[in-house]
Amino acid sequence: MWVGGRTIGTASMAGWLALAAPATARDARQVRYDLSFPDAGHHQARIVATWRGVPAGPLRVQMARSSPGRYALHEFGKNVFAVSAADAAGRPLSLIRTDPYGWSVAGHDGTVVVSYTLFGNRGDGTYAQVDATHAHLNPPATLMWASGYDAASVTLRIVPPEPGWAIATQLPPVAGAPNTYSAPDLQYLMDSPMEVGRHDLREWQVGEGERRYTIRLAVHHPGSAVQVDEFAAQVKRLIPQHRKLFGEWPRFDHGSYTFLADYMPQASGDGMEHRNSTVVTGPTPLDGTNEEQLDTIAHEFFHAWNVERLRPRGLEPFDFTRINPTPSLWFAEGFTSYYAPLLTRRAGLIDTDQWLKATSEALNTVLLSPARRNGGPAEMSIRAAFADAATAVDPIGPNIFLSYYPYGQIVALALDLAIRQKFPKLSLDDYMRRLWQTNGRTERPYAPDDLRRALADVTGDAAFADAFFAASINSSALPDFAPLLAQAGFVVRPIAPNRGWIGITQLGGGATLTQAPAPGSPLDGAGLDRGDRVVALGRTPVTDAATWTAALDGLAPGATVTIRYTRMGAEQQRVVRVAADPAVEVVRVEADGGKLSARQRAFRSKWLDE
């Protein structure tokens, strides 16, 4: 391990740990991690993990295969190498590996010290990234764990690679021990990401009476302190809307909640919720308006209520050896996706037209998806195991999966407007507050049927709740949105009624179809498929995305056009009848040439400004 410019051997470290442990606790099961970064430039961390109080027999140590907040396998063991083991006296122990996920350590003296090197170069909400600017560490991707130590207390020490690097995490610090933190058990440890580096930190207080909390915003970015001040001011305006919706702040452990923000060129766009913190990452820099960053902040902070405490059964306690499935992601993630832009609008950080644009995009994604024919939101939630950053060599068909994020978002839109229409004194906000009171603040995990019963309770209409869940959750029906949105003076109209459409709008490099045409579209009916290379559309040669777009712009609905393409080296051609572009947009009635009534104005204000 690298400390103060010199290497300490495993035996010396083990001896130091033995001396540091209280004599009265030497027989208890305890875990300690020491993290250092002797080769950060090559994305490597060196980690020493120590398990004390190990019972007789082999100890199984392993890397996680899944991560809290993700719904698929990720196989973190692939990034671990140079593994060795020793006992408390520094004597080497043999490591037996019979599978790709971990090791068995035998012959110990009640203490097992495992040292290993971790490679990490993906900065997002799931993986680890170590480089010359920071160490971004998600514990499942970083730390080995041992069978039988789920309930053991944990101490974790981080040795920054150079002076000036600070540590941000939801883990509480250990008094009198610099850069050292604790966790009560494995579940809390694995749910606690860490950001080590030079970051700008802003803090402020929220809460009422005795329940007051510190909000921390740690931003690792290439910009100025002024940009962080502006961003912090926006976050301060945003998050009280979450509290207003639910009626109270969550009980944040240790009195604080921490945003770990990485807005660096090498970061991947992501957001990941945790009990008392969230990770938000992306390559887009702060720009003053920060619309992209605020949308993710709004989404992830909503999870402090919905998911972290108002929690579906099956997600906790988290099993790090397998996928943790739930059929309720349409609610956990989809309803969160509905409220993120809505609360940002209520905070005045985006305007109504920006909110309508985001709503239109989600509406098109859902209404135009052929996968909706083959499964409702509950089914798509189960299929998350194959889609949530779970890549496979073979492509997934367009008829198989529709993301539960936009799907749940549009279901929430439908339910909110249906409640407001049928029960004028109620809204989806009342439904969320009811679930918070019954299952969130009590932290009693809900089953899928609890969501239906809560809707029946809050509306007083079991038939309404039963019908909605039967049609739009367990099946895939959605209502006509035009009359629902008309209540607020919004119009659903075609984006381009005079623009031709044949089933795909964009081509990849070499004028190749990178995705299958939309099922039922002219190209689909003509038999074209992913991988075909377009040669010409009508009389216009197609060589790239630009010439394809130009050719499409010349088409009108109802016209016929010949498309020439090559498949497996052979040129073919088909004649297709051009359809009208099926995409829609939601706009204010005023922008559509109409007049907003007083009733519509009041409805809109109560909904968007509530």
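One side chain, Tyr71 or Glu333, offers a donor N or O that lies under 3.5 Å from an acceptor on the other. Between the side chains of Thr352 and Arg588, not a single donor N or O lies within less than 3.5 Å of an accepting N or O. For the residue pair Thr284 and Gln293, no side-chain donor N or O sits within less than 3.5 Å of a side-chain acceptor on the partner. Defined by atom type and a distance below 3.5 Å, a donor-acceptor pair is present between the side-chain atoms of Ser256 and Arg216. There is no side-chain donor-acceptor pair under 3.5 Å between Arg577 and Thr560. In the model, Asp253 has a side-chain atom that pairs as donor or acceptor with a side-chain atom of Asn276 under 3.5 Å. A side-chain donor-acceptor contact under 3.5 Å links Thr336 and Asn306.
Proximity of a side-chain donor or acceptor of Glu379 to a complementary backbone N or O of Phe401 within less than 3.5 Å is not detected. Ser66 places no side-chain N or O within donor-acceptor distance of the main-chain N or O of Ala72, the cut-off being under 3.5 Å. Between the Asp529 side chain and the Ala516 main chain, no donor and acceptor come within less than 3.5 Å of each other. A donor-acceptor distance shorter than 3.5 angstrom exists from the side chain of Gln354 to the backbone of Asp351, with no hydrogens or angles considered. Of the possible donor and acceptor atoms, one in the side chain of Asn439 sits under 3.5 Å from a partner among the backbone N and O of Arg444. Within the 3.5 Å criterion, the main-chain N or O of Ala488 finds no donor-acceptor partner in the side chain of Gln600. A donor-acceptor pair is defined here as one N or O able to donate and one able to accept, closer than 3.5 Å; such a pair exists between the side chain of Thr326 and the backbone of Ser328.
Atom CG of residue Leu451 and atom CZ of residue Phe469 lie 5.0 Å apart, to the nearest 0.5 angstrom. A distance of 5.5 Å separates OG of Ser277 from CG of Leu260, quoted to the nearest 0.5 Å. Note that OH of Tyr565 and CG of Leu523 are 9.5 Å apart. Values are rounded to the nearest 0.5 Å. How far CZ of Phe464 is from CZ of Arg452: 13.0 Å, rounded to the nearest 0.5 Å. Rounded to the nearest 0.5 angstrom, Gln437 CD and Arg434 CZ are separated by 9.0 Å. Here Trp607 contributes atom CH2 and Arg346 contributes atom CZ; the two are 9.5 Å apart, rounded to the nearest 0.5 Å.
A ring-centre distance under 6.0 Å is found for Phe335 and Trp330. Ring centroids of Phe246 and Phe302 are separated by less than 6.0 Å, placing the two rings close together. In this structure, Phe331 has its ring center at least 6.0 angstrom away from the ring center of Tyr404. Aromatic rings of His242 and Tyr339 (six-membered ring for Trp) have centroids beyond the 6.0 Å cut-off, not under it.
Applying the ring pair (Phe, Tyr, Trp, His ring centres under 6.0 Å) test between Tyr257 and each of Trp204, Trp305, Trp249, Phe252 identifies Phe252 as the sole match. The only member of Asn290, Asp229, Thr289 that meets side chain to side chain donor-acceptor pair (under 3.5 Å) when paired with Gln234 is Asn290.
Side-chain contact between Phe481 and Ile410 is present, with at least one heavy-atom pair separated by less than 4.5 Å. Counting heavy atoms from C-beta on, the side chains of Arg251 and Tyr213 come closer than 4.5 Å.
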Would Phe231 and Ile297 satisfy side-chain contact (heavy atoms from CB on, under 4.5 Å), going step by step from the backbone distance to the final call? CA-CA 11 Å; Phe231 186 44; Ile297 289 281; 4.0 Å; yes
Hey, mind stepping through Arg309 and Glu316 against salt bridge (charged side-chain N to carboxylate O under 4.0 Å, His left out) and telling me if it holds? CA-CA 10 Å; Arg309 291 161 178 86; Glu316 198 171 273; over 6 Å; no
Go through Arg453 and Asp449 one step at a time and tell me if the salt bridge (charged side-chain N to carboxylate O under 4.0 Å, His left out) criterion holds. CA-CA 6 Å; Arg453 282 194 292 266; Asp449 209 42; 2.8 Å; yes
One pair to check against side-chain hydrogen bond (donor to acceptor under 3.5 Å, both in side chains): Asp544 and Thr547. What are the steps and the verdict? CA-CA 6 Å; Asp544 54 23; Thr547 53; 3.0 Å; yes
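Surrounding CZ of Phe386 are at most 12 heavy atoms belonging to other residues, nucleotides or ligands under 6.0 Å away. No more than 12 heavy atoms of other residues, nucleotides or ligands shown are found within 6.0 angstrom of NZ on Lys357. Counting non-hydrogen atoms of neighbouring residues, nucleotides and ligands closer than 6.0 angstrom, the CZ atom of Arg493 exceeds 12 such neighbours. Arg599 CZ: 12 or fewer foreign heavy atoms inside a 6.0 Å radius.
Taking the side-chain contact (heavy atoms from CB on, under 4.5 Å) definition, one finds that Ser427 meets it with Asp416, Arg420, Asp429, Asp430, Glu610, sequence neighbours left out. Checked against side-chain contact (heavy atoms from CB on, under 4.5 Å), Thr359 has the following partners two or more places apart in sequence or in another chain: Trp355, Leu413. In terms of the salt bridge (Lys or Arg N to Asp or Glu O under 4.0 Å) criterion, residue partners of Glu248 (sequence neighbours excluded) are, by chain and number, Arg211, Arg441.
The existence of a salt bridge linking Arg275 and Asp191 is excluded, since no basic side-chain nitrogen approaches an acidic carboxylate oxygen closer than 4.0 Å. With respect to Glu590 and Arg604, a salt bridge is recorded, a charged nitrogen being found less than 4.0 Å from a carboxylate O.
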